[in-house]
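Here the structure comes first, spelled out in structure tokens, and everything after it is commentary.
Predicted model, so just to flag it, every value in this text is computed and none were measured. Numbers here are sequence positions counted from 1.
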Amino acid sequence: MTGYLLEDDSDRQLYSQVAADADIHILTAAGIRIPVHRTILASASPVLENIIDHRTIKNHKTSHNNKTIPILGVPTEAVAVFVRFLYSSRCTEEEMDMYGFHLLTLSHAFSVPVLKQLCAKALIQRLKINDAIDMLQLARLCDASELYFRSIKLVSTNIKFVEKTEGWKFLQENDPWLELEILQFIDEIESRRKRRRKRREERRLCLQLSEAMECLEHICTEGCTNIGPYDMEPGKKKKVSCQKFATCRGLELLFRHFATCKRRVNNGCDRCKRMWQLLRLHSSICDNPGLCKVPLCRQFKLKGQHKGKGGDEATWKLLVRKVAVAKAMCSLSIFTKKRSWSGGRGLNPSFQLLINE
């Protein structure tokens, strides 16, 4: 039995001291007895302390060897490594490679949190697709939350490969509840991805609408390229493209179309509807409609005060609030100041229609 405990000279010395005055033995599945001390076991594990005090130890006065604690179901070598950890609080990388699975089970069963933490960390570093299901089951049984999360994440990320493993087939036949947990986890991850994509798209659209509002005010107040306020002389309008040329150019084209479209009156033109929406959106976030030069700003503001509280109106108010927030954030963001406005790149497809003839 000495071979299971002896790694170097210090181990040999440790074993010699243990064997000399041991008052109890641990019995392994192979029938091997490992001599140990009650006080060491009791101080290292509250479970072993309870066993020593109340249950397993049979104090036969005639036989010292009958004082045993059975630890079955795992290899003798793993039990020996476990016992040595109780004495020395150390475990080699090689031992973790060979017995990490069993050591985690023992550390959980006998409540040795330090070893349990070391085993969980070591098993996480050694996670592979082929044994991910086994690790997941072990983590759930041993209440190793970090190992459980890493294992189920690995399974969900590589589910097509995991489904081909023997572990998955065994899981389907013997543990349908864990299979359900995995499928629910995968569904939740996909739902979160969809929600994140939706939020990113909403933020992008709000930033584009905020940019459109700035350009609308810029065109109607200062003028840009070949279009500007009605009271500004044509010769004084800017001939040089601004930094936001793509958006301003789209609005210019939209203004020109809006001014000449014959289908506008009957709401038969989608581009004119978009122009109305932009003008209404500007009016909703404008703080000074009395002096604003954007067309119909004051009229939309007065009309908005008499709107009802229907579902469409609530949705519109939510959009207005998000665009207002995006506009405020843009004014404070250094990133926004460094953005490139050239070429119309990054525009939402629905808004990019503004630059089409």
Side-chain angles (χ1 to χ4, degrees), residues 202-238 242-331 336 341 347-357:
E202 288 179 351
R203 285 195 295 268
R204 192 162 70 96
L205 178 58
C206 288
L207 287 173
Q208 291 164 354
L209 289 174
S210 173
E211 177 184 317
M213 296 300 100
E214 293 179 4
C215 290
L216 187 62
E217 296 175 11
H218 160 64
I219 290 173
C220 296
T221 304
E222 303 171 355
C224 183
T225 314
N226 296 317
I227 190 171
Y230 67 92
D231 56 350
M232 180 181 291
E233 297 180 9
K236 294 184 179 181
K237 295 174 184 177
K238 292 184 179 180
C242 66
Q243 286 184 326
K244 304 176 183 179
F245 172 75
T247 305
C248 286
R249 177 59 176 167
L251 287 172
E252 289 178 10
L253 296 174
L254 196 59
F255 266 119
R256 295 182 186 280
H257 171 84
F258 184 75
T260 58
C261 181
K262 298 181 179 180
R263 295 186 298 164
R264 179 184 62 192
V265 178
N266 298 323
N267 293 325
C269 179
D270 291 336
R271 297 185 70 187
C272 290
K273 289 179 182 178
R274 193 173 296 111
M275 186 75 249
W276 280 109
Q277 291 172 345
L278 290 174
L279 293 174
R280 182 188 174 192
L281 181 60
H282 162 79
S283 176
S284 299
I285 63 177
C286 182
D287 296 326
N288 193 5
L291 300 177
C292 183
K293 291 187 177 182
V294 176
L296 304 177
C297 179
R298 185 170 180 274
Q299 288 83 343
F300 273 118
K301 183 72 72 174
L302 293 174
K303 186 177 180 180
Q305 296 176 356
H306 303 288
K307 287 286 184 180
K309 297 183 179 181
D312 292 340
E313 187 64 21
T315 303
W316 176 261
K317 289 182 178 179
L318 179 61
L319 174 63
V320 170
R321 185 163 59 251
K322 289 182 177 181
V323 173
V325 171
K327 186 177 180 180
M329 294 300 294
C330 283
S331 63
T336 303
W341 308 97
L347 290 177
N348 186 277
S350 61
F351 186 74
Q352 198 164 355
L353 291 174
L354 293 177
I355 65 175
N356 295 332
E357 291 286 355

Exercise for the section: Not counting sequence neighbours, which residues clear side-chain contact (heavy atoms from CB on, under 4.5 Å) with Leu281? List them please. Expected result: Leu209, Met213, Trp316, Val320, Val323
Practice task
Compare all side-chain heavy atoms of Leu207 with those of Arg204 and state whether any distance is below 4.5 angstrom.
Solution key: no
Practice task
Look up atom CZ in Phe258 and atom CG in Leu279, then write down how far apart they are to the nearest 0.5 Å.
Solution key: 6.0 Å
Exercise for the section: Tell me, please, which residues at least two apart from Glu217 pass side-chain contact (heavy atoms from CB on, under 4.5 Å). Expected result: His282, Val294, Lys327
Exercise for the section: Dump the intermediate steps for side chain to side chain contact (heavy atoms under 4.5 Å, CB included) on Leu253 and Arg271, then the final yes or no. Expected result: CA-CA 10 Å; Leu253 296 174; Arg271 297 185 70 187; 4.3 Å; yes
Problem - Exercise: identify the closest heavy-atom pair between Ser283 and Cys297 - result: OG-O, 2.7 Å
Practice task
To the nearest 0.5 angstrom, please state how far the CD1 atom of Ile285 sits from the OG atom of Ser210.
Solution key: 6.5 Å
Fill in the blank from the handout: Between Lys322 and Cys206, the two heavy atoms sitting closest are CB-SG, 3.5 Å
Practice task
Could you pull out the closest heavy-atom pair between Ala212 and Leu251, with the gap in Å?
Solution key: O-CD1, 3.6 Å
Practice task
Could you go through the side chain to side chain contact (heavy atoms under 4.5 Å, CB included) check for Leu216 and Phe255 one step at a time?
Solution key: CA-CA 10 Å; Leu216 187 62; Phe255 266 119; 3.4 Å; yes
Completion exercise
So SG of Cys261 and CG of Leu254: to nearest 0.5 Å the spacing works out to 10.0 Å
Practice task
List the steps, then state whether side chain to side chain contact (heavy atoms under 4.5 Å, CB included) holds for Cys248 with His218.
Solution key: CA-CA 9 Å; Cys248 286; His218 160 64; 3.7 Å; yes
